[in-house]
There are 2 protein chains.
Amino acid sequence: MPNGGQPTIVSIAARAGVSIASVSRVLNGQGARRDTEERVRRAAAELGYVPNAVARSLKDGRTRQLTFAMPDIGNPVYVAMVRAIQAVTKAAGYRLLLHSTDAVAEDELAVLHSLGDRTSDGLILCPIRITDEHVAALTAAAGPVVVIGSLPDGVPVDSVRADSVAGSALVVAHLHGTGRRRIAFVNGPSDTVPGRNRGHGYRTALAAHGLPYDESLVVHTDFGIESGAAAARRLLPARPDAIFCANDQLALGAAHALLARGVRVPEDIAVAGMDDSTLAQAGWPPLTSVDLGSSARGRRAAELLLDRLEAPDAGAAFAPRTTTAFPRLVVRASTAPATGSPDPSPLTRTP
Amino acid sequence: MPNGGQPTIVSIAARAGVSIASVSRVLNGQGARRDTEERVRRAAAELGYVPNAVARSLKDGRTRQLTFAMPDIGNPVYVAMVRAIQAVTKAAGYRLLLHSTDAVAEDELAVLHSLGDRTSDGLILCPIRITDEHVAALTAAAGPVVVIGSLPDGVPVDSVRADSVAGSALVVAHLHGTGRRRIAFVNGPSDTVPGRNRGHGYRTALAAHGLPYDESLVVHTDFGIESGAAAARRLLPARPDAIFCANDQLALGAAHALLARGVRVPEDIAVAGMDDSTLAQAGWPPLTSVDLGSSARGRRAAELLLDRLEAPDAGAAFAPRTTTAFPRLVVRASTAPATGSPDPSPLTRTP
DNA sequence: GTGAAAGCGCTAACAT
DNA sequence: ATGTTAGCGCTTTCAC
């Protein structure tokens, strides 16, 4: 047989002695005579019938699959998004297709293009950077797309963004509020949107608190624990009393480098991260961080996409929507005030 | 139009003035007259044609999609697997469907059952526990399945298992070798296969090193950082000189609880985890752990599955294969000898 | 070399 | 209430 031996409505029809249409009707809960209904159900059960989803998809033009494309599933931020998205799509009866772009722009474009192959009904894309080609591809997309990230104006696509400017400001304000005055900043690559925004937020917040912007207190690097450690070592001569890092991995690396040199965290230098990933709570000392809403953004993106899909009239019927997730400061031990509350960190207890 | 305005071979054929068969041939790289070839390609390009993967799937009975079902994508162990699997499947030209079962057995069975809907060509299942129903469903599976976990004998399905008995033994041996004699054990739930195995490995290894099995040094709990902290506090009265935890989250929790009480890690008590997840290296002190090969198992599972799919004759043609991943001990600061090498942990430096 | 037509499994008119 | 049939988009015989 052409099939893998799987039962189809044809086999059921034969076994039940009815037409395939009746089988389809019974199985889809449309009326039928008691007798017919029974025989069809029995035949289906005996054969262990499972409807072929591909055939159904071809018929009604939808797969009930959604695609999520992100740079790297190894990054806790994206894991949080996947998790949130998965929860929403699962509840709505959609399967989730995962695509790792490895932070390669071409790959992102390929995913966008492949939306035309009708493998999935919609796409959530988390691009590392938005190029003109991205804009073009997004505009010409063959199906509904939601972007997690900041899009230039005029791109006719729903998007969900983080407010990392505000997030950075929250951290700086917190550090300032707990007595820190020489607040260093370890940023990620400055040629990405988040990198630029975080830098902007940092500078703005410094100004707002009357602190000078000191070049020697700022380091640009890539993400990753080891980079954070290196950055911290580089910053030490500038004598910061706080190090704010553009993500938790950097912060963790920085904290470890400091501890390894006998610098006390937070007594001598406070350390704060960003993203509030699992690493933040797992670190020692537990890291103060800003939740930029990875989960919330994932959830919202999924909701926007489903909303489009469920919309009565097809495609880009209504105007693109943009949502911004509010940042939330999560204070932990790594930024306890240098003096004040008694013995904030057990690290200082030296028996 | 019935379609979403997407071009199909019909539109191309019309535009190029040829039959749909010719379009198909040209697009699939089969011979055609220069002239024909050119016109078809041009028409396809102008229309922005992308082949409909669903139609193709229906035709040739395969989707080039694989499903990976695991309990919870939030767990670093599964993230590592997803990552490894994704890399293999992507390279082989397969898409990856992610399914989170939320550790619900019914959901696992549902996934197994839904293999019959032909949505994906094969399944990698990472079950939390193997029940009789699992065995039945696995035996009756409508397509190739690879299980990550330990399967009873006789189940006709490929599987990839971890050797947590050996892994536990490695840790105990290491702790014993670095002078620890009162080695406590924080285990996960004892009614899971890994739980039982890890407990078994612990006991066996103790015996092998001539250490007594002391009930008061063993705690059963569920996984999670907070559980680890609670367990450590509970163990303190029993005066352990090492705490071995059944996973990294527990270990991290334990280490933090100890530090918070002024107990030095590793000087007073060594702490070791299991899985060697990102938490292990990110933690402070960096955790000694055993890599049970999450990545390796994921990769291997994907390879086994692809192997089946690529096999000339269909289905369960050849006998089930079982692979076991070798555990690998990763020593970090959290288990440095209590005395000996000079100043293993910066924590001891008290300026 | 190219076109006509069958068929993958299913649903939904349309007929009876 | 049930059967016949067309058609979703594609690949692949089979004729010409």
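None of these values were measured; they are calculated from a predicted model. Just so we're on the same page: letters track the sequence lines, and every chain starts at 1.
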Colleague: Between C:dC10, D:dA1, C:dT2, which nucleotide gets closest to the side-chain atoms of B:Ser22?
Modeller: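 When the side chain of B:Ser22 is considered, C:dT2 is the closest of C:dC10, D:dA1, C:dT2.
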
Colleague: Is atom CD of B:Gln30 surrounded by more than 12 heavy atoms (other residues, nucleotides or ligands) closer than 6.0 Å?
Modeller: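 Yes, because the 6.0 Å sphere around CD of B:Gln30 holds more than 12 heavy atoms from other groups.
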
Colleague: So if I take every side-chain heavy atom of A:Arg56 and compare against D:dG9, C:dC10, D:dT12, which nucleotide ends up nearest?
Modeller: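 The answer is C:dC10.
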
Colleague: Choose from C:dC10, D:dG9, C:dG7 the nucleotide whose nearest atom is closest to any side-chain atom of A:Ala55.
Modeller: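 Nearest nucleotide to the side chain: C:dC10.
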
Colleague: Have A:Arg95 and B:Thr119 got a donor and an acceptor in their side chains that come within less than 3.5 Å?
Modeller: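 Yes - a donor-acceptor pair under 3.5 Å links their side chains.
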
Colleague: Atom CZ of A:Arg62 to atom P of C:dT11: distance rounded to whole Å?
Modeller: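 Answer to the nearest Å: 14 Å.
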
Colleague: Ignoring the backbone of B:Leu58, work out which of C:dG1, C:dG9, D:dG3 is nearest its side chain.
Modeller: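 Nearest to the side-chain atoms of B:Leu58, counting from C-beta on, is C:dG9.
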
Colleague: Would you please confirm or rule out a distance under 4.0 Å between OP1 or OP2 of C:dT2 and any side-chain N or O of B:Arg33?
Modeller: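 It does, given that an N or O in the side chain of B:Arg33 lies less than 4.0 Å from OP1 or OP2 of C:dT2.
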
Colleague: Let me check the geometry of the helix from C:dG1-D:dC16 to C:dT16-D:dA1. What is the bend angle between the axes at its two ends, five pairs each, to 10°?
Modeller: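 Result, rounded to 10 degrees: 50°.
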
Colleague: Do side-chain atoms of A:Arg129 reach the backbone of A:Asp191 as a donor and acceptor pair under 3.5 angstrom?
Modeller: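 Here the side-chain-to-backbone pair exists.
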
Colleague: Measure the distance from CG on B:Asp60 to C1' on C:dG9 and round it to the nearest whole Å.
Modeller: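 From B:Asp60 CG to C:dG9 C1': 14 Å.
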
Colleague: State, without any angle test, whether B:Tyr49 and B:Arg41 hold a side-chain donor-acceptor pair at a distance under 3.5 Å.
Modeller: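 No, B:Arg41 and B:Tyr49 have no side-chain donor paired with an acceptor closer than 3.5 Å.
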
Colleague: In whole Å, I'd like the distance from the NZ atom of A:Lys59 to the P atom of C:dT11.
Modeller: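 My rounded result for the distance is 9 Å.
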
Colleague: Taking the minimum atom-to-atom distance to the side chain of A:Ala21, which one of D:dT4, D:dT2, C:dA5 wins?
Modeller: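 For A:Ala21, the side-chain atoms sit closest to D:dT4.
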
Colleague: With a sphere of 6.0 Å drawn around CG of B:Asp132, does it hold more than 12 non-hydrogen atoms of other residues, nucleotides or ligands?
Modeller: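 Counting neighbours around CG of B:Asp132, 12 or fewer heavy atoms of other residues, nucleotides or ligands fall under 6.0 Å, so no.
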
Colleague: Please report, rounded to the nearest Å, how far the C1' atom of D:dT5 is from the CD1 atom of A:Ile9.
Modeller: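 For the pair A:Ile9 CD1 and D:dT5 C1', the rounded distance is 13 Å.
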
Colleague: Using atom CG of B:Asn28 as one end and atom C1' of D:dC10 as the other, report the distance to the nearest whole Å.
Modeller: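 That distance rounds to 9 Å.
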
Colleague: Which nucleotide sits closest to the side chain of B:Val18: D:dG3, C:dG7, C:dG3?
Modeller: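 My answer, after comparing the listed nucleotides, is C:dG3.
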
Colleague: Which whole-number value in Å describes the distance from A:Asn52 CG to C:dG9 C1'?
Modeller: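 Atom CG in A:Asn52 sits about 6 Å away from atom C1' in C:dG9.
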
Colleague: Rounded at 0.5 Å granularity, tell me how far NE2 in B:His134 sits from CD1 in B:Ile128.
Modeller: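 So the NE2 of B:His134 and the CD1 of B:Ile128 are separated by 9.5 Å.
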
Colleague: Return the nearest nucleotide to the side chain of B:Ile20; candidates are D:dT2, C:dG3, D:dC10.
Modeller: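 Side chain of B:Ile20 sits closest to D:dC10.
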
Colleague: Take atom CD of B:Glu38 and atom P of C:dG1, then tell me their distance rounded to the nearest Å.
Modeller: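 Spelled out: CD on B:Glu38 to P on C:dG1 is 16 Å.
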
Colleague: Flag yes if more than 12 heavy atoms outside A:Glu46 fall under 6.0 Å of its CD atom; otherwise flag no.
Modeller: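 Counting neighbours around CD of A:Glu46, more than 12 heavy atoms of other residues, nucleotides or ligands fall under 6.0 Å, so yes.
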
Colleague: Using whole Å, report how far OH of B:Tyr49 lies from C1' of D:dC10.
Modeller: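 After rounding, the reported distance stands at 7 Å.
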
Colleague: Counting heavy atoms from C-beta on, name the nucleotide in D:dT4, D:dT12, C:dT2 closest to the side chain of B:Thr36.
Modeller: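 Within the option list, the nearest is C:dT2.
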
Colleague: Counting only side-chain heavy atoms from C-beta out, which of C:dG3, D:dC10, C:dC10 sits nearest to B:Ser19?
Modeller: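 Closest nucleotide among those given: C:dG3.
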
Colleague: Which of these nucleotides, C:dT2, D:dT11, D:dT2, is closest to any side-chain atom of B:Arg25?
Modeller: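 Shortest atom-to-atom distance from the side chain points to C:dT2.
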
Colleague: Under 4.0 Å between a side-chain nitrogen and a carboxylate oxygen: does that hold for B:Arg300 and B:Glu303?
Modeller: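 Yes, charged N to carboxylate O under 4.0 Å.
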
